[in-house]
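Please read all numbers here as calculations on a predicted model, not as lab measurements. All chains are named by letter (A, B, ...) in the order of the sequence lines, taking the proteins before the strands, and each is independently numbered beginning at 1.
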2 protein chains.
Amino acid sequence: MIMYLNGQYVPREQALIPVEDRGFIFGDGIYEGVRSVGDKMFEWAAHADRFENGLKGLRINFSRAQIDALEAVCERVVQENGLVDGEAFLYLQVSRGAAPRTHFFPAATVAPTVFVSASKLVVPRKMREEGCSAVTFPDMRWKRRDWKTVNLLGNVLARQAASEAGAYEAILHEDGVVTEGAATNVFAVFNGVLQTHPLTERILPGITRKVVMALVAELGIPVREEPIPFARLTKADELFVCGSTTDVTPVVKVDGTPVGNGKPGPISEKLRDAFEARLYGSVGAGR
Amino acid sequence: MIMYLNGQYVPREQALIPVEDRGFIFGDGIYEGVRSVGDKMFEWAAHADRFENGLKGLRINFSRAQIDALEAVCERVVQENGLVDGEAFLYLQVSRGAAPRTHFFPAATVAPTVFVSASKLVVPRKMREEGCSAVTFPDMRWKRRDWKTVNLLGNVLARQAASEAGAYEAILHEDGVVTEGAATNVFAVFNGVLQTHPLTERILPGITRKVVMALVAELGIPVREEPIPFARLTKADELFVCGSTTDVTPVVKVDGTPVGNGKPGPISEKLRDAFEARLYGSVGAGR
């Protein structure tokens, strides 16, 4: 496996960073996860916008021009790893770089660490068709979830709980409402109306969420951006989660309780199919 | 500078870890900061207890015996760096190790990454005597602050704000109460009674806090473990912060407003002096 690290394309074994990197010491970095189909990055501009917003939030010196240049890096990493004929998950991370440990920022001369890797993505078709199960888990994360930082322990522990329960995702809740999934956004359907948490500092502005919202408008599906009350979660007619590797995946079971009739609902299926048409159509490559 | 990394003592330039280390990717690790005087680690057992608690919390496979063995590693790192004649700050971190990225835990065969470094500590005597200034900052951290994890962005941004204001520390507040400092615990004095946040998941159980609480009992100073209302912070008669590099340091100014008469108060000074006597006495080395 070939990875990009600070300007070089190197084998995994040579992709090494100083142990004093602030990513390792403080979780002081921002990342992105981008879907590729063939050699095209899906919704690159939207990912770049979000990357820029997080880096500005943490005040890491990495310009928009430097972000933009990573699109070609992603394409090359896909090629170097022989992933052009299929789909891949691109992982991009920029940390504040390596410096002697101080909580406050190091000198501006410290260069950020820039990392890009690609891994083959095999879409789990059966789960997309039949739906997945989820568990619920308290949202333990910090207060700026709109920045895609690597302070991810709240997400790690939630996904681990899901994994141990044999579920795909953990749906997070806080103060009586559903925020989002450990690595997805969450949508519910009540009486034909879609409902999802509004874009605040409490959730990540998902790129797949953004595409889904555009599709919802195009398809004329009514939607309310209001938090889903946690107590009503399992009373939803339909549930689905969405994300850059999850696409739109119906949720048919929560904590062992069937959602609706225990099968993917019609609005979820319509959006799943419309999303896939957009994904595979807009990047100009067939499945 | 010689560092310990995964069983080896290496120069800083050779202290490298895989970029896929979960410390870098998720902030998936626990750390400790230990004070040494000469070649003795102050309150080692208490640090080891806290380290163990955090590692158990995150379920990182690193046993108490492995933690205990790090005391000798710390001593050697102090020696290798020629710090035996003075004081040092020992930094210890254990991450869940390097593995292909999944939010859930990797296979149990993945070995944790173990890192120890030492840096010379020069005690800022003048600040200990005259007191420091602090700013206030919202507590943005996640919900398990009792585990000393490296998900530290909330602390980083707070200390950066302090640094930019020319202050030593940032005092964090949330829901109308003072939690703690960005890298210290906070004590206030109201009418002769000490007050500090109780030990809950909302704050770090500071080792210096623990020693201070023992000294408070020995000296017969009345204390209440109740959160300090944020609105009353600058109305305190005295304030001090404490931590493994801060010891007991009076706070004489908050957001530019003098605390009390703007000078270290008598209870703060008594505890500062008692703490130093314990620090330099119990480890068996003079200043």
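Applying the salt bridge (charged side-chain N to carboxylate O under 4.0 Å, His left out) definition to pairs two or more places apart or across chains, none involves residues 109-118 of chain B.
Most heavy-atom pairs under 4.5 Å with chain B, from the set L152(A), L157(A), L58(A), I17(A): that is I17(A).
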Atom pairs, donor to acceptor, chain B/chain A, distance under 3.5 Å:
from	atom 1	to	atom 2	distance (Å)
R12(B)	NE	E20(A)	OE1	2.7
R12(B)	NH2	E20(A)	OE1	3.2
R12(B)	NH2	E20(A)	OE2	3.1
A15(B)	O	V19(A)	N	2.9
I17(B)	N	I17(A)	O	2.8
I17(B)	O	I17(A)	N	2.8
V19(B)	N	A15(A)	O	2.9
E20(B)	OE1	R12(A)	NE	2.7
E20(B)	OE1	R12(A)	NH2	3.2
E20(B)	OE2	R12(A)	NH2	3.1
F24(B)	O	Q93(A)	NE2	2.9
F26(B)	O	L152(A)	N	3.2
G27(B)	N	V150(A)	O	3.4
R59(B)	NH1	E164(A)	OE2	3.2
R59(B)	NH2	E164(A)	OE2	2.5
Q93(B)	NE2	F24(A)	O	2.9
F105(B)	N	Q160(A)	OE1	2.8
D139(B)	O	K143(A)	NZ	2.7
M140(B)	O	K143(A)	N	3.0
K143(B)	N	M140(A)	O	3.0
K143(B)	NZ	D139(A)	O	2.7
K143(B)	NZ	E174(A)	OE2	2.4
V150(B)	O	G27(A)	N	3.4
N151(B)	OD1	L152(A)	N	3.2
N151(B)	OD1	L153(A)	N	3.1
L152(B)	N	F26(A)	O	3.2
L152(B)	N	N151(A)	OD1	3.1
L153(B)	N	N151(A)	OD1	3.1
Q160(B)	OE1	F105(A)	N	2.8
E164(B)	OE2	R59(A)	NH1	3.2
E164(B)	OE2	R59(A)	NH2	2.6
E174(B)	OE2	K143(A)	NZ	2.4

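Residues passing the side-chain contact (heavy atoms from CB on, under 4.5 Å) test with A162(A) are V135(A), A167(A), A170(A), sequence neighbours excluded. By the side-chain contact (heavy atoms from CB on, under 4.5 Å) test, A99(A) is found to be paired with P106(A), V110(A), residues two or more places apart in sequence or in another chain being considered.
The closest side-chain heavy-atom distance from C74(B) to L92(B) is below 4.5 Å. Two residues are said to be in side-chain contact when any heavy atoms from C-beta on lie closer than 4.5 Å; V150(B) and I30(B) fail this criterion. Between F26(B) and L153(A) there is no side-chain heavy-atom pair separated by less than 4.5 Å.
Neither the backbone nor the side chain of P138(B) comes within less than 4.5 Å of any heavy atom in chain A. Of the atoms belonging to F115(A), it is side-chain heavy atoms, and not backbone ones, that fall under 4.5 Å from chain B. With a 4.5 angstrom heavy-atom cutoff, L16(B) touches chain A via backbone and side-chain atoms both.
When all heavy atoms of L199(A) and P205(A) are compared, the closest pair comes out as CD2-CA, 3.8 Å. The two residues F24(A) and G23(B) come nearest to each other via the heavy atoms CD1-CA, 3.7 Å.
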